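Okay, so here's the structure we're looking at.
The structure presented is a predicted model; accordingly, all values stated were derived computationally and were not measured.
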Amino acid sequence: KLQTMKRCVLGNLIFINQRGCISECYAASSPVSVKSGDRFIPARAGSNWSINFHYANENCRSHNQNHRSKDAGADTGKDAAAYSALLRNELLGAGIETVPDPHTDDRRHAVLSQDSHSLFRYTIHAKRVPSDGGNEVSPYSLSPLSNKSHKLLRSPRKPARKISKIPFKVLDAPELQDDFYLNLVDWSAGNLLSVGLGACVYLWSACTSQVTRLCDLSVDGDSVTSVCWNERGSLVAVGTHKGFVQIWDAAGGRKLTSLEGHSARVGALAWNGEQLSSGSRDRVILQRDIRTPPSAERRLQGHRQEVCGLKWSPDHQHLASGGNDNKLLVWNSSSLLPVQQYSDHLAAVKAIAWSPHQHGLLASGGGTADRCLRFWNTLTGQALQSTDTGSQVCNLAWSKHANELVSTHGYSQNQILVWKYPSLTQVAKLTGHSYRVLYLAVSPDGEAIVSGAGDETLRFWNVFSKTRCTKESKSVLNLFTRIR
């Protein structure tokens, strides 16, 4: 007796004849097909229509439109991946038991789409011998789903991370200067926030919300151009417009010393143990040990314009400096000349941050004419990933617990962006400042950040999670992949 079953699956009419062979009716014949039974059947197992259409249209859209579409689809990506896996289990017998990561799946299809601009791909698959493999439904089950699909639905799903787009605290900061080349905000290990306002430095306690004035430089006709805490959080260095660097005891509220040597304003400071590095508009970087006489100093001369960014590596071996000459230089503790020089940026480099998770990984951001985040392998001197943020990059800071970083921006969007590394996908976009977000500091617990802008406000945000991600491999070969 000839029995023919008809089933409509995903818009295609499929026939199953008496011999168990499958045939399909479709409008257009494929250039390459597999002969099975009575008809030719196109092999569509490797096709993912949503991914293919997405990448076919992505090149036709602007950079900002692509970012908006990624933000809009972030919440539904995992649900779509689970639904797609469930359909593949029931219709194709894929046997998927866990929900795949949508970002990984997108990157895999992105690589495939680079090789072919066609939406349609045809492949020849060897005929598979059917086997139960635990995928058959029990005759006593009331569910229409297979065992694999039940495991898929029961698989644990990581809850979606929610980052509040509203600051949990806003402080007034009168006379906070709107100057890209200054660094006027820093957060100490003792949970004290130091802020340079005009000619004064104020300390704000995150525990008690008490505000105290540390110093007033107006008596000397000077003003504050940079502040920086030491690692223990007991001393704060203050750079001034006249080129002095003052060391203050925060607990006692007294000035310990005043260091000379610069002939112009000091806009960048960085501690390395008991050593203090200072960068100035006079294009010189001075390294001094506060325990020794001022004459024992190292002068690092490599920039041709003002030094506006300084950061020591977590292992205390290398100093990264950025300048208004669009250069990013790396110095070691023994040489008076830079050991590495990067010239890819097209504008001033103020935003600098060393990764606390991957040895030798350095991130930098360029000004208005550049707008790019760039990553460098300082162990080999290679340029890694880069991305155009669409606006001036003012600051960078890595999360202490996860492989993420935050960037603050100026012209023209004045936003704060949280990035996941190395995929460089945006985790969150925070807005609220009406001027350039020129200042950034991270709380000692690594969970909150404070941002400052020329709108004379300080805004506090919860952006980083304390949950530590899976430990990354420390192998240089695994960490650094050159993107061409």
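Within a 6.0 Å sphere centred on CD of Glu260, heavy atoms belonging to other residues, nucleotides or ligands number 12 at most. Within 6.0 Å of NZ on Lys169 lie no more than 12 heavy atoms contributed by other residues, nucleotides or ligands.
The closest donor-acceptor contact from the side chain of Ser399 to the backbone of Asn403 lies at 3.5 Å or more, if one exists at all. Ser280 contributes no side-chain N or O that, together with a main-chain N or O of Val284, makes up a donor-acceptor pair within less than 3.5 Å. A donor-acceptor contact shorter than 3.5 Å is absent between the side chain of Asp388 and the backbone of Cys372. Of the possible donor and acceptor atoms, one in the side chain of Asn326 sits under 3.5 Å from a partner among the backbone N and O of Ala348. A donor-acceptor pair is defined here as one N or O able to donate and one able to accept, closer than 3.5 Å; no such pair exists between the side chain of Thr431 and the backbone of Gln415. The backbone N or O of Arg283 lies less than 3.5 Å from no partner atom in the side chain of Gln305, so there is not a single donor-acceptor pair. Counting only distance, with no hydrogens or angles, the side chain of Ser205 and the backbone of Leu192 share no donor-acceptor pair below 3.5 Å. Here the side chain of Asp289 pairs no donor or acceptor atom with the backbone of Gln275 at under 3.5 angstrom. Checking side-chain atoms of Lys400 against main-chain N and O of Pro444 turns up a donor-acceptor pair under 3.5 Å. Panel note: side chain Ser226, backbone Val266; a donor-acceptor pair is recorded below 3.5 Å.
By the 4.5 Å heavy-atom criterion applied to side chains, Leu276 and Arg288 are not counted as neighbours. Considering only heavy atoms from C-beta on, Val437 stays 4.5 Å or farther from Cys394 through its side chain. Side chains of Leu235 and Leu256 form a contact here, defined as non-hydrogen atoms less than 4.5 Å apart. At a threshold of 4.5 Å between non-hydrogen side-chain atoms, the residues Arg459 and Val450 do not count as touching. In this structure, the side chains of Ser407 and His409 come closer than 4.5 Å at one or more pairs of heavy atoms. Considering only heavy atoms from C-beta on, Leu396 comes within 4.5 Å of Leu373 through its side chain. Between Asp172 and Glu456, every side-chain heavy-atom pair lies at or beyond the 4.5 Å cut-off. By the 4.5 Å heavy-atom criterion applied to side chains, Ile352 and Leu328 are counted as neighbours.
Screening residues 169-194 for ring-ring contact (aromatic ring centres under 6.0 Å, His included), with sequence neighbours left out, gives Trp187-Phe460.
With rounding to the nearest 0.5 Å, the separation of CG in Asn183 from CG in Leu440 is 10.5 Å. Rounding to the nearest 0.5 Å places OG1 of Thr408 at 9.0 Å from CG of Leu417. From Ile166, atom CD1 reaches atom OG of Ser164 across 5.5 Å, with rounding to the nearest 0.5 Å. In this structure, CD1 on Ile290 lies 7.0 Å from CG on Asn230, to the nearest 0.5 angstrom. Here the CD1 atom belonging to Ile247 is positioned 9.5 Å from the SG atom belonging to Cys228, to the nearest 0.5 angstrom. Taking OG of Ser443 as the start and CD1 of Ile449 as the end, the distance is 9.0 Å to the nearest 0.5 Å.
For Ala250 against Leu203, the heavy-atom pair with the smallest separation is CB-CD1, 4.2 Å. Scanning all heavy atoms of the two residues, the minimum distance from Ala189 to Glu231 falls at CB-O, 3.5 Å. Closest approach of Val224 to Leu184, counting heavy atoms only: O-CD2, 3.7 Å. Closest approach of Ala428 and Ile163 over heavy atoms only: CB-CD1, 3.8 Å. Closest heavy-atom contact between Ser335 and Leu300: O-CD2, 3.9 Å. Residues Ala268 and Gly309 come closest through the heavy atom pair CB-N, 4.0 Å.
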Criterion side-chain contact (heavy atoms from CB on, under 4.5 Å) on Trp376 and Asp344, from CA distance to verdict: CA-CA 11 Å; Trp376 317 89; Asp344 292 14; 3.6 Å; yes
Verdict with reasoning, Asp179 to Arg265, per salt bridge (Lys or Arg N to Asp or Glu O under 4.0 Å): CA-CA 12 Å; Asp179 192 327; Arg265 70 179 183 185; 3.0 Å; yes
Dump the intermediate steps for side-chain hydrogen bond (donor to acceptor under 3.5 Å, both in side chains) on Ser194 and Trp229, then the final yes or no. CA-CA 8 Å; Ser194 61; Trp229 290 95; 3.0 Å; yes
Go through the steps for Gln210 and Trp204 under the test side-chain contact (heavy atoms from CB on, under 4.5 Å), then give the verdict. CA-CA 6 Å; Gln210 182 180 359; Trp204 177 80; over 6 Å; no
Starting from the C-alpha separation in whole Å, work towards a yes-or-no answer on side-chain contact (heavy atoms from CB on, under 4.5 Å) for Lys350 and Asn395. CA-CA 7 Å; Lys350 176 192 176 186; Asn395 291 281; 4.1 Å; yes
Working note: Gln392 + Thr368, criterion side-chain hydrogen bond (donor to acceptor under 3.5 Å, both in side chains); need CA distance, chi angles, decisive distance, verdict. CA-CA 4 Å; Gln392 178 187 45; Thr368 307; 3.3 Å; yes
As a quick check of understanding, evaluate side-chain contact (heavy atoms from CB on, under 4.5 Å) for Leu171 and Thr457, giving each step before the final call. CA-CA 6 Å; Leu171 298 179; Thr457 63; over 6 Å; no
Could you give me the CA-CA distance, side-chain angles and deciding distance for Asp222 and Lys242, then say whether salt bridge (Lys or Arg N to Asp or Glu O under 4.0 Å) is met? CA-CA 6 Å; Asp222 210 344; Lys242 291 186 175 181; 5.6 Å; no
Determine, stepwise, if the pair Gln385 / Tyr421 fulfils side-chain hydrogen bond (donor to acceptor under 3.5 Å, both in side chains). CA-CA 10 Å; Gln385 295 101 315; Tyr421 186 83; 3.2 Å; yes
Step by step, work out the side-chain hydrogen bond (donor to acceptor under 3.5 Å, both in side chains) result for His433 and Asn414. CA-CA 6 Å; His433 285 290; Asn414 305 327; over 6 Å; no
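Between the side chains of Asp370 and His345, at least one donor N or O sits under 3.5 Å from an acceptor N or O. Judged by distance alone, the side chains of Ser278 and His262 do bring a donor and an acceptor atom under 3.5 Å apart.
The aromatic rings of His303 and Trp331 lie tilted to each other, with the angle between the two planes from 30° to 60°. Under the 30°/60° scheme for interplanar angles, the aromatic rings of Trp398 and Phe375 are found to stand perpendicular.
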